[in-house]
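Every number for a ligand or one of its atoms is a count from 1 in the order of the listing. What you see below is based on every heavy atom in this structure, not just the backbone, and it leaves out hydrogens, waters and symmetry mates.
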Amino acid sequence: MKKICVVIGARPQFIKHAPVELELKKHFNLISIHTGQHYDKKMSDVFFNELGINKPKYMLNVGSFSHGKQTALMLEKIEDVLMLEKPDAVMVYGDTNSTLAGALAANKINIPVIHIESGLRSYNKTMPEEINRILTDNLSSYLFAPTETAETNLNKEGITQSVFNVGDVMFDSLLLAKSVIGTNLEEKQQILATIHRPYNTDNCERLLDILFHLNSLEKKVVFPIHPRTSGILKSNGILLQEFGNIDFIDPVSYFDLIRLQMQSICIITDSGGVQKEAYMLKKKCITIRSETEWVETLENGWNNLVFEDLYKIKDLLNVIPGAHRDDLYGAGNSSVLISQILIDKI
Ligand code: UD1
Ligand code: UDP
């Protein structure tokens, strides 16, 4: 069996990896390396337990630092593992510092890189994720794009070899979740919110402005709070009780987050993954960003961008979206397609 080392480290990567691991482990010797970018039980362990993901062979326990230091520590530790394991390829997901570190470590010692969720672009280079994506795509030998737009983005940058539009592995993850939790959860008169991007959180005034607007909505807001966001509120002495209309809860498991989305009338978020899930679940989304890499979700009012103009959220809650494309993110068989291609190529 050929050997693939998989580098994961942040919450959305555990969720993306679950269906891919299920499929790839039938054909490859799959070795997982957990960088430790996310380490709280509710940001890491919970996903391994719930989704039945294999315990990583390597726990690098890098933890939280500035971007440069965190990426550098990961790079050093991943290189050590790769020198020892000598895999035939290294697989990375998405756009986090763990993604870039994995791709760079492999590239430096001439191991081919497989990038899943390749070709996404927000065209906003102030986002650390945008730099991570561009660099990772340029370091990769096999690029799995989730959408036609992503494939076109790569082609526009001159990346045309070994690009495969296989649909989105998060659609596979969602089907996995639905098979466990069912499809007919009753909608409640509530809104689900998640906010964690640095440009919405690092400046406490900005974060308070967002919370003020959420607090003034007519429907109750359920808000599983990311540790970055709770950390900033805490260090600024902000009491969550001040926002009576917002039900702040700890980060929840993946199945619980899907349940909460199904039960909500609308999703308000700045998360990449949650925007897509809202679309797949046919829930209207309001994205607190000035642009999105998931541009297809904006069609027909399913997703709406709001940034400076937070006052628009109220009116957007009344907008009824138009036609929906069920095949936007593929057929829910991305993991199988990825596996088939890799069997042939590696
Ligand atoms: C990271 C990714 C982002 C992704 C998000 C998913 C980068 C550059 N950013 O952002 O693209 O959308 O993960 O959730 O890779 N913290 C804890 N416990 C944890 C993890 C983090 O308390 O288990 C706190 C620490 O104070 C840390 C902060 O959260 O400094 C931010 O964590 P970090 O992983 O650096 O960035 P995220 O905002 O999570
Ligand atoms: N998610 C979760 N629990 C939460 C919040 C989010 O399981 O409390 C899931 C969500 O369903 C999606 C993924 O985490 O699958 C998105 O991760 P996140 O928003 O942290 O990162 P992004 O997608 O923006 O990189």
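Checked against a 3.5 angstrom limit, the closest N/O atoms of His226 and ligand 1 fall inside it. The N/O atoms of Glu277, backbone and side chain alike, include one that comes under 3.5 Å of an N/O atom in ligand 2. Not one N or O of Asn132 is nearer than 3.5 Å to an N or O of ligand 1, by distance alone. Between Gly272 and ligand 2, at least one pair of N/O atoms sits closer than 3.5 Å. Checking only distances, Gly273 does come within under 3.5 Å of ligand 2, N or O to N or O. By the 3.5 Å distance cut-off applied to N or O atoms, Arg11 is counted among the residues near ligand 2. Checked against a 3.5 angstrom limit, the closest N/O atoms of Arg197 and ligand 2 fall inside it.
Proximity to Pro251 (heavy-atom distance under 4.0 Å) selects the following atoms of ligand 2: 8 (O). When each atom of ligand 2 is checked for a heavy atom of Phe47 under 4.0 Å away, the hits are 7 (O). Under a 4.0 Å criterion applied to the non-hydrogen atoms of Pro224, ligand 2 contributes the atoms 8 (O). Under a 4.0 Å criterion applied to the non-hydrogen atoms of His67, ligand 1 contributes the atoms 8 (C).
With a heavy-atom cut-off of 4.0 Å, Pro12 touches ligand 1 through its side chain alone. Contacts of Leu257 with ligand 2, taken as heavy-atom pairs under 4.0 Å, involve the side chain alone. Neither the backbone nor the side chain of Glu129 comes within 4.0 Å of ligand 2, counting heavy atoms alone. With a 4.0 Å cut-off on non-hydrogen atoms, Met43 touches ligand 1 through its side chain and not its backbone. At a 4.0 Å heavy-atom cut-off, ligand 2 touches Ser271 through backbone and side chain alike. The proximity of Ser253 to ligand 2, defined as any non-hydrogen pair under 4.0 Å, is limited to the backbone.
Under a cut-off of 6.0 angstrom, the local environment of NZ in Lys25 is crowded, with over 12 non-hydrogen atoms contributed by other residues, nucleotides or ligands. More than 12 heavy atoms of other residues, nucleotides or ligands sit less than 6.0 Å from atom CG of Leu84. Crowding of Glu242 atom CD: a count of heavy atoms from other residues, nucleotides or ligands under 6.0 Å exceeding 12.
Ring centroids of Phe307 and Tyr199 are separated by less than 6.0 Å, placing the two rings close together.
By the criterion of side-chain heavy atoms lying less than 4.5 angstrom apart, applied directly or through intervening Ile, Leu, Val, Met, Phe, Trp or Tyr residues, Phe47 is grouped together with Leu174 in one hydrophobic cluster. Cluster annotation: Tyr93 is not connected to Tyr58 through the hydrophobic network of ILVMFWY side chains, with a link wherever side-chain heavy atoms come within less than 4.5 Å.
For atom 24 (C) of ligand 1, the choice among Pro128, Pro227, Ser235, Ser271 with the nearest heavy atom turns out to be Pro227. Counting only non-hydrogen atoms, the option in His38, Gln13, Glu129 that gets closest to atom 3 (C) of ligand 1 is Glu129. Within the set Lys42, Lys41, Gln37, the minimum heavy-atom distance to atom 33 (P) of ligand 1 is found for Gln37. With Arg228, Met127, Gln70 as candidates, the residue nearest to atom 36 (O) of ligand 1 on a non-hydrogen basis is Arg228.
Judged by distance alone, the side chain of Asn236 and the main-chain N or O of Ile232 form a donor-acceptor pair under 3.5 Å. Looking at Ser334, its side chain does come within 3.5 Å of a backbone N or O of Asp168 through a donor-acceptor pair. Listed for the Glu50 side chain is a donor-acceptor partner under 3.5 Å among the backbone atoms of Phe255.
Here the heavy atom of the protein found nearest to atom 12 (O) of ligand 1 is His196 NE2, 2.9 Å. Counting protein heavy atoms only, atom 18 (N) of ligand 1 is closest to Asp40 OD2, 2.9 Å. Ranking protein heavy atoms by distance to atom 14 (O) of ligand 2, first place goes to Ile15 CD1, 3.4 Å. What sits closest to atom 25 (C) of ligand 1 on the protein, heavy atoms only, is Ser64 OG, 3.4 Å. Considering only non-hydrogen protein atoms, atom 21 (O) of ligand 2 sits nearest to Pro12 CG, 3.6 Å. Protein heavy atom closest to atom 2 (C) of ligand 2, with residue, atom name and distance, is Val252 O, 3.5 Å. Of the protein's heavy atoms, Tyr39 OH, 3.5 Å lies nearest to atom 16 (N) of ligand 1.
Under the side-chain hydrogen bond (donor to acceptor under 3.5 Å, both in side chains) criterion, His34 pairs with Ser44, sequence neighbours left out. Applying the side-chain hydrogen bond (donor to acceptor under 3.5 Å, both in side chains) rule to Gln261 yields the partners Glu277; only residues at least two apart in sequence or on another chain are considered.
Side-chain contact check for Lys220 versus Asp247: some heavy-atom pair is nearer than 4.5 Å.
Judged by distance alone, the side chains of Glu21 and His17 do bring a donor and an acceptor atom under 3.5 Å apart. The closest side-chain donor-acceptor pair between Thr96 and Thr99 falls under 3.5 angstrom.
In this structure, Lys3 pairs ionically with Glu85, as a charged nitrogen and a carboxylate oxygen lie closer than 4.0 Å. Ion pairing between a basic and an acidic side chain is recognised when a charged N comes within 4.0 Å of a carboxylate O; Glu79 and Lys77 show no such pairing.
At least one heavy atom of Met170 sits less than 4.0 Å from an atom of ligand 2.
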